[in-house]
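Structure first, commentary second.
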Amino acid sequence: MADNEKIAIVTGAARGIGLEITRELLALGMTVVAVDLRDDLLGQMGGKLGSSGAKLDPRKLDVTSSEGFTALVDEVATKYGHVDVLVNNAGITRDGLLMRMEDADWDLVLKVNLTSAFYGTRAVSKYMVRQRGGSIVNMSSYSGLEGNRGQANYATSKAGLLGLTKTTAKELASKNVRCNAVCPGFIQTEMTDVLPQPAKDMALEQIPLKRFGQPADIAKAVAFLASDASGYITGQTLSVDGGMHT
Ligand code: NAI
């Protein structure tokens, strides 16, 4: 199927990196089912995307709901007849040093960042295997590759996504279903805007390209992995981090 006929589901789509991914996939001509917890932000997406948002289909969903995620995928497959791309982008942080980290903060981050991707992958794979084609992109992180002080929960969830990515790639390759991961470095979004200035200064020093990434930098890599341009690439981890991880 040509890229401009594809149906894509993007989670955490209402702002930040997810919004830019939505923009890039729409630019390829895909229909984008934009999933987010925040219906206030979902409602603003059409305005932010302007005329390029004609093939936007916003849906409120908490991706930590196994039943909810499965029902959404079934509904999308019924409505459009196929599901071609899933981008597991929804993610949160609940940072804190390991010794003081609460069980609830561990559990929630693992559930939103990692378990939800399993729910979504399982749900779409049924359709992708049947239609003999599909691309799944998981939003991991530099923290998942390297670990990060104060992010035991987050780094673990992002490292777990790499295991899920490689396993999905191996299990589904014979059915022409691909799965890859993107590892952003430090990207300027509302997630990172809240960090104290000294933490931002320290992060900047570690970036060889000497600038923070923009959501569009990540979105372009995701669009490549979602589209036919990357048709012979599966099970890979693509760092988009200004050269931090080599
Ligand atoms: P953001 O906080 O700006 O956007 C995340 C979106 O996910 C929000 O719209 C939020 O409402 C949604 N979301 C959160 N929990 C949800 C749930 N349970 N169900 C449905 N939607 C939910 O974050 P940002 O910066 O755009 O990050 C996107 C992804 O990129 C995340 O997975 C994050 O971990 C990852 N990432 C971000 C980096 C950065 O520097 N900003 C660096 C590395 C990875």
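Note that these values count all heavy atoms, side chains included, but never hydrogens, waters or copies made by symmetry. When a ligand or atom number is given, it counts from 1 through the structure's own listing order.
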Do side-chain atoms of [X] reach the backbone of [Y] as a donor and acceptor pair under 3.5 angstrom?
X	Y	value
Arg211	Gly242	no
Gln131	Gly133	yes
Thr234	Arg178	no
Asp84	Ile7	yes

Any idea which atoms of ligand 1 are less than 4.0 Å away from a heavy-atom of [X]?
X	result
Ser140	44 (C)
Phe186	40 (O)
Asp62	17 (C), 18 (N), 19 (N)
Met191	2 (O), 23 (O), 25 (O), 33 (C), 34 (O)
Thr192	39 (C), 40 (O), 41 (N)
Asn89	28 (C), 29 (C), 30 (O), 31 (C), 32 (O)
Val112	15 (N)
Arg38	11 (O)

When only distance counts, is [X] in polar contact with ligand 1, meaning an N/O pair under 3.5 Å?
X	value
Pro184	no
Thr64	no
Leu41	no
Ala14	no

Side-chain H-bond candidate by donor/acceptor type, [X] with [Y], under 3.5 Å:
X	Y	answer
Thr189	Arg15	no
Tyr80	Asp57	yes
Thr64	Asp62	yes
Asn89	Thr11	no
Asp40	Gln44	no

Looking only at protein heavy atoms, which one is nearest to [atom], and what is the separation?
atom	value
atom 21 (N) of ligand 1	Leu37 N, 3.3 Å
atom 17 (C) of ligand 1	Val63 CG2, 3.7 Å
atom 14 (C) of ligand 1	Ile92 CG2, 3.8 Å
atom 30 (O) of ligand 1	Met139 CG, 3.3 Å
atom 10 (C) of ligand 1	Asp36 OD1, 3.5 Å
atom 37 (C) of ligand 1	Ile17 CD1, 3.7 Å
atom 33 (C) of ligand 1	Tyr154 OH, 3.5 Å
atom 42 (C) of ligand 1	Gly185 O, 2.9 Å

**Message:** Please find the pair of heavy atoms, one from Arg94 and one from Leu108, that lie closest to each other, and give the distance.
**Reply:**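 That would be NH2-CD2, 3.8 Å.
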**Asked** So, for Leu161 and Leu114, which heavy atoms are closest and what is the spacing to 0.1 Å?
**Response**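 What the structure gives for the nearest pair is N-CD1, 3.5 Å.
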Could you see if [X] belongs to whatever hydrophobic cluster contains [Y]? Use Ile, Leu, Val, Met, Phe, Trp, Tyr and a side-chain cutoff under 4.5 Å.
X	Y	answer
Phe212	Met191	no
Val182	Met30	yes
Met1	Val177	no
Val83	Val129	yes

Heavy atom of [X], distance to ligand 1 below 4.0 Å:
X	value
Phe212	no
Ser116	no
Gln188	no
Thr11	no

**Request:** Determine whether the side chain, the backbone, both or neither of Ile187 has a heavy atom under 4.0 Å from any heavy atom of ligand 1.
**Result:**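 Both parts.
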**Asked** Considering only heavy atoms, does Leu61 approach ligand 1 within less than 4.0 Å through its side chain, its backbone, both, or neither?
**Response**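 Under 4.0 Å from ligand 1, Leu61 contributes backbone atoms alone.
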**Prompt:** Evaluating non-hydrogen atoms only, which member of Glu20, Arg59, Lys158, Arg15 is closest to atom 2 (O) of ligand 1?
**Reply:**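 It is Arg15 whose heavy atom sits nearest to atom 2 (O) of ligand 1.
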**Request:** Run down the list Val240, Thr189, Ile21 and name the one with the heavy atom closest to atom 25 (O) of ligand 1.
**Result:**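 The option holding the nearest heavy atom is Thr189.
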**Prompt:** Should Arg59 and Asp36 be marked as a salt bridge (Lys or Arg N to Asp or Glu O under 4.0 Å) after you check the CA-CA gap, both sets of side-chain angles, and the distance that decides it?
**Reply:** CA-CA 7 Å; Arg59 308 281 183 116; Asp36 208 284; over 6 Å; no
